[in-house]
Structures are given as C-alpha cells and as structure tokens.
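Residue numbering restarts at 1 for every chain, and letters A, B, ... go by the order of the sequence lines. The analysis underlying the following values was restricted to heavy atoms, covering all of them including side chains, and did not include hydrogens, waters or symmetry mates.
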Amino acid sequence: MLSVKQRSRQLVSFTVIGAMLALVLGCTPSNPQSTFDALGPIAEMQLFVFNVIFWIGAVVFVLVEGALVYIIVKFRRRLGDGDPVQTHGNTRMEIAWTIAPVIILIIAAVPTIQGIFLMANSPLTPAQGGLELDAIGHQWWFEFRYPNPNDPNQQIVFANELHMPVGEPVNINLRSVDVIHSFWIPKMGGKVDMVPNNDNGMWLQANSQGEFYGQCAEFCGVSHANMRFKVIVESRDSFNAWLQAQAVPAPDPIDALALQGKELFRSAGCTGCHATNSVMNLAEGGRRLPGRVGPNLSHVASRLYLAGLLPNKDEGSLTVNDALLQQNLKTWLSDPDDVKPGNIMTRDAKVYSDPDSKLEEREIDALVAYLLTLN
Amino acid sequence: MWAFLGSDCMFFGSLIATYLVYKNRSLSGPLPVDVFSIPTTSVSTFVLLMSSMSMVLAYAALRRNRMKTFRIWLASTALMGMTFLAFQVFEFHAFANHEVVVDCTAPIGELTALEQSVAADCEPGQHEIEKQVGLTPRTNLFGSTFFTLTGFHGAHVTLGVVWLLSMFFLSFKKGAVTPEKELNLDLAALYWHFVDIVWIIIFTVVYLFGVFPGF
Amino acid sequence: MTTVPFAIPRPTHPTGVWSWITTIDHKKIGVLYGVTAFVLFIIGGLEALLMRIQLAGPNQDIVSPEVFNQLFTMHGTTMIFLAVMPLSAAFFNFVIPLQIGARDVAFPRLNAFSYWTFLGGAILLNSSWFLGGATNAGWFGYAPLTSTAQNPGNGIDFWIISLQVLGVASLAAAFNFIVTIVNMRAPGMSFMRMPLFTWMTFITAILLVLAFPVITVALIELYFDRTFGMNFFNVATGGDPVLWQHLFWVFGHPEVYILILPAMGIVSEILPTFAKKPLFGYSTVVLAGAIIAFMGWMVWSHHMFTVGLGPIPTAVFTLTTMAIAVPTGIKIFNWMATIWGGSMEYKAPLLFALGFIALFTIGGISGIMHAMASSDAQQQDTYFIVAHIHYVLFGGAIVAVVGGIYYWFPKITGRMYNEAIGKLNFWVMFVGMNLVFFPMHFLGLDGMPRRIYTYDANMGWSLWNGVSTLGALVLGLSFLIFIYNIVTSWRNGEAADGDPWDGRTLEWSMSSPPPEYNFAEIPTVYDRDAWWAEKRGQVHHGVPVGGGSGEEEHSIHMPQPSYWPIVVSIGLVIAGFGLVYHGTYFAVAAFGVLIGMIGVYAWSFEPVNDPE
C-alpha cells in the first residue's frame, strides 16, 4: 500500500500529465484559428481565465472519475455478500461537498468578472484619440470602414480584410445589415455579435504583425461557413500608407480590354451594387450610413484574398500575385455560386439569374482585365 | 387548474413583456396617445370588473341551492363578458379607421408626433387637414404588440363566455349543475377571475401608462 | 348520463391495432411513446451521421450547404422535442403510476391525446422534408433569419406549427402528471416518500407548464410576422432580434433541465437498486433537483453572452450560472456516496448509470467553463459548445434513458434482455460517444465555429473531424446492437419474474408485465423504499403518515378505451397543415378545428365507463 503522501503525489502527477497530454495532443496553437496562441491583451486574458478553470476542472475531473473507478472496483458484489449497511445520508459530509464547490467557484469568478470589465472598457476610446472603425456584417462578407485621415466627414470603405496597426487598441463598432453575424478573430479575442438594430462594439489589440484569420461565428444562412475574413496587422507607418492609398481611387485603365470591361461593369449592372469609389460621406450630423449592397471594389486588386476565400497570394507571402488574382477573378465571375453558395449576386444580378443575359467568355475576360486595374 | 393558470400567467407575462420591450420603440405613428380613449375603455373595464362580482354572487347562489338566482347571475356574468367583447370589437374597429384632423395653423410644438407628420402634408394656405391613419397589426410595433396582447385576452374572454353559457344551459338539465358539483363552477369562476385580473394589468400597463406621460 | 352523442359504440378491442389506437392504458401509451420516440431518435441520429460524413474531411461536397443547414436544424429539433422529451414521457407513463401505487394516470384519455398529438406533431415536422424543404434556421430559429424575406419557403412555418402542436401535447402531459402525482399517490406515500424518479418527473412537469407558454408566445409572434406581416421581429420597423433570443432562452434554458432531470431521476433509481443501498441523502437530492429547476429560470442569458448585453448583466448571469454547478455537484457526490459501501452487480443498467456519472461530470466541468463569460467569448458558437451539450444530453440524458430501458425492460415486456449483449452495447456506446464528442473540445478551442458545412484543409481541423466521424460510426453500431438486443429479447427472451433486480420501489411488487389494473389492491406505504421495506420485513405497522390520497377500492373499475383522443389529435394536425400553408388554406385549418371540436364535445360527454 502507498502512503497518503505518495498517493496524493501520484494523483497530482497523474492530473498534470493527463491534462498536458490532452492539451498537447488535442490543441495546436499554430493552427490559424487556435485560441491558444493569444496575440493581444483580450485573448491573453481569456486564455488565462480558461487556464484557471481548465486546471481546476482537471483536478476535479481526476478526483471524481478516480473516486468513481475506485468505488466501482472496491464495491463490486462478491459471492456471499449480504445486504450492505443501509446508510441514508450524512449531513456533515453533504454540507462539506456543498461548500467546497462554492469556494472553488468564488475563486474562479474573480478573474472572470475582471475579464468581463476589461473587455467592456477600451483603454483608448475614440474620444481619447483611439482608432475607431466600423465592421458591418453582410450575408456573407464583412465590410470595414475607416475614418478618412484627410476628411473627418468621410469614411474609407473596404471589404473582407481588416488592417490594424500593431500594438494599438482598436475600437470596432459592430453592425449588421441583414441577420445576426458574429465577429471573431480567435487569436486576438473572443467574439461579439453583430445584431441588426443593436449597436455593439468591442476593442481589440494585436501585439504582433502578420496575417490572421477571422470568421463569422453566428449561423447566418446558406454560406455561413464561407463568411471568413483576414486581418493584416502592420506597423503604424505601413498602416497609414495603406490607408492613404485606399483614400485615392485607382487610376483609370488604359488598356483597351480593361476599358471595355469598365464599360461592361456599368452596362451589365454591376455598379448597381458595387461602388468603385472607396470614399463615402458621412450623413448629415456625422451619422453612419447603412451598408451598400455588395463589397466596395475600389481596390479589389489589392486584396490578398478574393471574396474572403480564394488566396491571391503565394503561401506565406503578403503581396498579391497577379496571376493568381486573375485566375481567381475568372473563377469567381464564371460561377460565383461554386465559390460561395447561395450568394446574393447569383440570386439578384441579371447576368446570373437570367440565362439570356449570361456573361460570355470574352465579357468575363474584359471584366477581369478591368478589375485587375483596381489596385 | 392552478397549474393551468400558472401556465397562462407565463403566457400573458411573455406577451406583456414583449409589449413593454417595444413600448416607445415604434418608428412611426399612430401611438397610444393618438388612438386610446380612456373613458370608453374605462367603461368596458368597469363592466368586466362587475362581471367578476356577479360571478361571485352566482357561486354563492349555487351553494345555497337557489337555482333561479344562480342562473340570473350566471347569465348576467356572461352578458357582461359579451358587452366587454363588443366594446373591444368597437375599439379595434375605431383604431383601424382612426382619423386625425389637424389645424394647419397650430404651432408645431402643440402637436403630437402623429399630428406633425400629418401636418407636414398641409398645402400652403390650407387651414385644416384630415387624414385617415388607421392602426392595424401591420402598422408598427405598437399595433403588432397591442392587437396580439388584447386579441389573445379577448379570445380568453370569449372562451370564458362560452364556458359560462354552456354551464347556464346545462343547469336546465336535471342534476347537471348542482351544489354537490360546485367544483365545476368553482373552476369556471377561477378562470373568469383570472381573465379579469389579467385585464386589469393590461388596462394599467397598456392604456394608462400609454396615455399618461411619465411612465 | 345516458345520452351518448354520435351513436358510435365504445371500442372494445382487447388486442390488435385498434386496441393500441383506442387504448388509454398508461402502460400501452408508455410503450407507444417509447417506440415512436426511439424511431424518431434514429432519424435524428441519421441526420447527425450525414453531417459527420460531410465534415469528415475538408472541403467535402456530400450534401449541399442548404441541405446541411436543414440537417442540423432538424437534428436539434428532433432530438430535443421528438426524442429525448418523449423518451422521458415514455418512462413517466409507464413507471409513475406503478411507483406511486395508482391504477392509471389522473386523466387517461388526456394521456392518449398527448401521445397522438405528439405523433401528429412529429409527422407534421418531418413531412416538411418532402414538402419543399425542412426548416433551416437552427433549432433556436434566431430572428431575423426566420423572416419571410430571409426564408420565403414554408420550412419555418412547418417548424413553428409543429412546435406548437408538440407544445400542446407536452402541456397536456405535464398537467396530467402534476395532477396524478399530487392526487393519486397510494395512502401513506407522503411527498418525501416518493421515489426519486417520481420527484424528478414532478419537477420536470412543473418546469414544462411554466416554460412552454413562453415559447408559444414567441412562436405566435413569429407566425404573425410571417403570415400577417406584423412587426415583432421586423428589423425595418424597429423590431429587435434580441427579444426573440430572450423569449427563446427563457424557455430554452428550463428546457435543458426538462431534458436532464428525468435522466437524473432514472439514475437515482438504478444506483440504489444495484448497490442494494438506499439513495444517500434523499432529501438533499430532491432539494438539489428543485434548486436546479428554480435556478434554471435565472440563467437564460448565458446563451447570449456575446450579444452585447453590457458588462453588468453579463457578470450577474455569469455568477448565477456558476452557482448552478453547486446543486449539480451535490447530486453527483450523493450518487457516489450511494454506491460507496454498496454491493454492486454490474448488470447493463448499472453500467449505463455509472457511465452517466462519468460523462455528465465532463459535461458539467465544461459547463462551468462556459459560465465564465470572459473566456466563453472564445467558446461561444464553437465546437467546444457542441462537445459540451452532447456530453450532457447524450452522455447524460440518452445514456441514462438507454439504461432506463434496460432497467425496466423486464417489467415492460415480461422478458429478460440478453445481458452479454447489453454489456457489449454499453461499452461500444461509451467508446463511440467519447470518440465522437471528445475531439470536439479540441476543435472548438482551435477555432472551429459551429454550424459550418465545410472548412479548409489549412485550418488544422481535419484530423479530429475525421476521428469524430469515425466515432459516429461506432456510435451508430452501438444502436444497431441495442436494437438487436431489444427486438430479439422482446420476441423470445427468457421470461422475467416480477422482481428481477431485487428492486426497492412499488413497480417491482407486481408481476411482469403488470396486469392491466396494476394493483389488485392499492398498497399502503410506510416507508421511502416501500417494496424493499416490505420484502425485508421492515414494515412499521402503524398509521401511515400524511399525504397520498389514492382511494382504497376493492372492486376494480378501469376506464374504458375511447376513440375521441385520436380524433381530436387528427383535427389538430389537419388544422396545423392549414396554418402552415395559410391564405386560402385557413379553410383547411377551420375544418381541422371543427373535427377537433367535435372530438372534444364527444369526449366530454362520453362517460368514463359505460353504464353497466
């Protein structure tokens, strides 16, 4: 028989090994949406709170399941067993196992509630000069709007890629134009829903540069699974440069095919939903306007992914590969429903819904040539 | 029966909660202030309250085995219930065909929001404008919540009236309604009082709070 | 009463199909409930299996996104409303009157009506698969995804109406069981002498009665929006989608306890029987159940931590939710204390009950993790939640229910199941269950959202999804084993005597299967484990203490079968179809209501027994 001390030591090592094994085996921080690779204060806090309760849980788990196994082995029926002693209860023990969980829970509640208030209070609000941007959920893409650095009455509109300066709190207003979506960048922090008629907000901060994954987390219809976006975290200087570049419209095309495409973009009805001017005026009184129908395409050729899904770049790189972009644009325009099932363009745009107005091969080529110039 | 009433409490509780959540959140008129007529509804509320009293009297009469008195009180309870329903039908009709007459020359500050929206259509030089702005369940959030809440209450009253009337007619059959079977009437009475109490809450929350400012 | 309207003779079918259709015997209705719910459970399981196959690897194209959305919506709705709830109802029906020493439930015809209405609702809901597509907005049906603009088809209408029909069935059953338990206990059975399963049924029924009206209102509002163009959840006219969430979860969280409390009741019966010890801390366990039920009303917003309620409400709901762990923990500890010092024989029912404790503990621990709103923001709407709910609803409710089926199988059928296959069944299910659902914890923490029909290969989710799908196949196999065991044993299993487990409660005091009238003579109860005390000669002869008011009758009057309950249910279902298609089909609805009215009328004038 082992002594009590040995036994408890065994139990501790058991717990630690088991829990470590579960974590190491099960969860891979290098995965693009892993919550174990916390890159900002909110995600770090959430990981900390999770770890607190995870270790408490691991201990409880080993104790309870261990005791269960022990009881199962020890109190099996043996030959010649009579009726066991008919105990009905033991108030003192019952009080003990009521109070013990209460104490554990109070301990766990402290960091939790601190965390709730951390999430609710941005360290650098827009009033204090913090960066503020709008994220708007659409079926099934994200729209992002930044304040125009050159004109406080204007916003710059972008889609499916969120650019953030590194090491700064960013205040994000969350809205939706149709159904409920949820805004989530796992490596930076937990999600907050985008609910129509409810203005929500959150703040996030990224402490390292690079490309990160985000995804809609609230079921929002057919292509919920394809409602993804990317986050580009860069130095403040490159962020400023990027924003300035977005504020200026792309130059007019010179190439004949592209010009043809530009004309077609208008005549085929694309402009009905897609703007090619990235600058948007705030309404009277500085009110933010409701979303437009489709993604703003002013600088579509500068995006690293098309429709938030198809990579326009080589793996690991952060610059657009024009050949890939061209191929992706063609894939998308030929059959958008194949890339993003159920998308609203296929449903509502005449060139897709009406077989007589279907785009021909050369028309698609012209459109692709035009869109490639929007960088 | 108590379990059923508990259940029904949750039912009306949810409807009233919905109404309260959406109170003052309609994006367009007409609003409670525009359509409610407190005197009219007070009368119908009074009628319903009185019906509760006559229900008590009917119950007392049955226990003393005075069948004739019992029938009179029971019938009058049902009758008052029907009166209440008639008021409600009248009210729904009036709301749906609500008309406003606005004095175009009145200063904007004296007009309600609805009147202002109507006055916006005043032609230059026009003195008075008349416009039909009915309130239906489709009009706005107030319409949807109001008609659903009071409509379901009306349905409960209707059911109560049917119940009371069937007891009334059954009482002519020998041995169907007797003091020994007072439990049957007791249940009906319980239901009736419950529906009555719900109305008092609705009247307070919807009508009074809706019209008098400060709530 | 001599006038029987509609000169239709009373049904007198001792056997055959008609005897089942017109039955008002609680035992037969219990069997009907059980078999029907199990078939629906298999349908829900196949839906899940299809989803698992679709997700087995990245970028698969086995079902379309639209079908996938219908699958998970129907899987959730089916499992909750058509499988777990009616499986519990099957036990309520079969076991409760036997446990409390009654000859039937309080309102036998209402009981039949509940069953037929449940079946009608199930048919209504599942018929939508063939009538233009099933509902696809999730079992929670968040507005405004359920609006006509977003969802012009009638799948949502089928969902609304069938949930209403099922609500009627559940409410009728709940009223019935409340009245039965309050009024029909055998003399001497005070509340604190009731078997634990009866207690949990009682609490569940009260929860049902209070929770269902809320979802009824929410569904009525949604129906009015869709059918009459009202504005409850219309964003354009100021409607608030969050209101739907509040209404839904005010119902939805008590609903969770409606699903799990009966399972806890079953476990609380099995453990003492096989350990040959009374339940440890009976009053504490009862009280814990009641506290769980009560607190279930104060935690609904933990389903909405990411909606943006503000830090104060979020913190409050965090605390109330964490507090629920305390009574739940008490139950687990008391169960373990029950078997401590026992003499346990590992028959299949006991294995399932022990499996319940093991798995439910895991679900409980992950539940605490979600209660903590700050870290829950990472877990909300991910596979971590999927793992959690399946540990409590599968590892908890279903495992307990399967254990309950094995436990009462001899009583229900009069035959023994095959013990070896039963044990095999447990182990395959236990392994399969953990294989399906444990990896989902990893997936959730690695950022995989719920309700996605596909994912990319570079997300790192492929391995565990593959494992999970493999587990789903194992789990499917375990149910094939179960079906085999039940079917063959029912046909030609060994005959069972009245008390095969040396049981403790009154249902074991009669022959298996029980006679139609249950008790030749209504027993008098002197102790908590009434039958055990009687067998062991511990009967305290004296005046039975308070409570219990079942009448002492010597001549047995059983209520006669009736046609009318099923007629009313059929009317209700026809009315349901009319409401789904609305517009001119309201005529159909009116016709259905008419049939129902005739049924109700005939029913209320039909005497319980024909004059002799």
Need one label for [X]: side chain, backbone, both or neither, based on atoms under 4.5 Å from any heavy atom in chain A.
X	answer
C:Leu319	side chain
C:Phe305	neither
C:Phe438	neither
C:Glu345	both
C:Thr454	both
C:Gln245	side chain
C:Phe384	side chain

Between C:Gln379 and C:Asp376, does a side chain to side chain contact (heavy atoms under 4.5 Å, CB included) hold up when you go through it step by step? CA-CA 5 Å; C:Gln379 294 150 16; C:Asp376 175 67; 4.2 Å; yes
I'd like to verify something: which residue of [options] has the highest number of heavy-atom pairs under 4.5 Å with chain A?
options	answer
C:Gly342, C:Ala315, C:Gly444	C:Gly342
C:Thr318, C:Asp529, C:Ile332, C:Asp240	C:Asp240
C:Pro439, C:Gly239, C:Ala143, C:Ala275	C:Gly239
C:Thr306, C:Ile452, C:Leu354, C:Thr382	C:Thr306
C:Ile339, C:Asn334, C:Asp502	C:Asn334
C:Gly308, C:Ala358, C:Gly329	C:Ala358

Under 4.5 Å heavy-atom distance to chain C, tell me which part of [X] shows up: side chain, backbone, both or neither.
X	answer
A:Gln139	side chain
A:Tyr213	side chain
A:Ala108	both
A:Val85	backbone
A:Asp199	neither
A:Met194	neither
A:Ile56	neither
A:Asp37	neither
A:Ala120	side chain

Can you tell if the side chain of C:Pro278 reaches within under 4.5 Å of the side chain of C:Arg528, non-hydrogen atoms only? no
Looking at residues at least two apart in the chain, or sitting in another chain, which of them share a side-chain contact (heavy atoms from CB on, under 4.5 Å) with A:Val73?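 Checked A:Val73 against side-chain contact (heavy atoms from CB on, under 4.5 Å); matches are A:Val69, A:Arg76.
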Where do A:Thr125 and A:Trp203 land on the side chain to side chain contact (heavy atoms under 4.5 Å, CB included) test, with the steps shown first? CA-CA 9 Å; A:Thr125 60; A:Trp203 73 274; over 6 Å; no
For A:Thr87 and C:Lys277, run side chain to side chain donor-acceptor pair (under 3.5 Å): C-alpha distance rounded to whole Å, both residues' side-chain angles, the deciding distance at 0.1 Å, then the answer. CA-CA 7 Å; A:Thr87 41; C:Lys277 277 184 67 207; 3.2 Å; yes
Distance-only criterion, 3.5 Å: show the donor-acceptor pairs between side-chain atoms of residues 320-328 of chain C and protein atoms not counting sequence neighbours.
{"residue": "C:Thr320", "atom": "OG1", "partner": "C:Met298", "partner atom": "O", "Å": "3.2"}
{"residue": "C:Thr320", "atom": "OG1", "partner": "C:Val316", "partner atom": "O", "Å": "3.4"}
{"residue": "C:Thr320", "atom": "OG1", "partner": "C:Phe317", "partner atom": "O", "Å": "3.1"}
{"residue": "C:Thr321", "atom": "OG1", "partner": "C:His302", "partner atom": "ND1", "Å": "3.0"}
{"residue": "C:Thr321", "atom": "OG1", "partner": "C:Phe317", "partner atom": "O", "Å": "2.5"}
{"residue": "C:Thr328", "atom": "OG1", "partner": "C:Ile324", "partner atom": "O", "Å": "2.8"}

Hey, is A:Lys191 close enough to C:Asp381 for a salt bridge, meaning N to O under 4.0 Å?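 Between C:Asp381 and A:Lys191 there is no salt bridge, as every charged N stays at least 4.0 Å from the carboxylate O atoms.
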Side-chain donor-acceptor pair present, A:Gln33, C:Tyr455, cut-off under 3.5 Å: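 The criterion, which ignores hydrogens and geometry beyond distance, is not satisfied for C:Tyr455 and A:Gln33.
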Distance-only side-chain donor-acceptor flag, C:Thr73 / C:Asn136, under 3.5 Å: no
Start with the C-alpha distance between C:Tyr453 and C:Asp61, add both sets of side-chain angles, then the distance that settles side chain to side chain donor-acceptor pair (under 3.5 Å), and finish with yes or no. CA-CA 9 Å; C:Tyr453 73 93; C:Asp61 220 354; over 6 Å; no
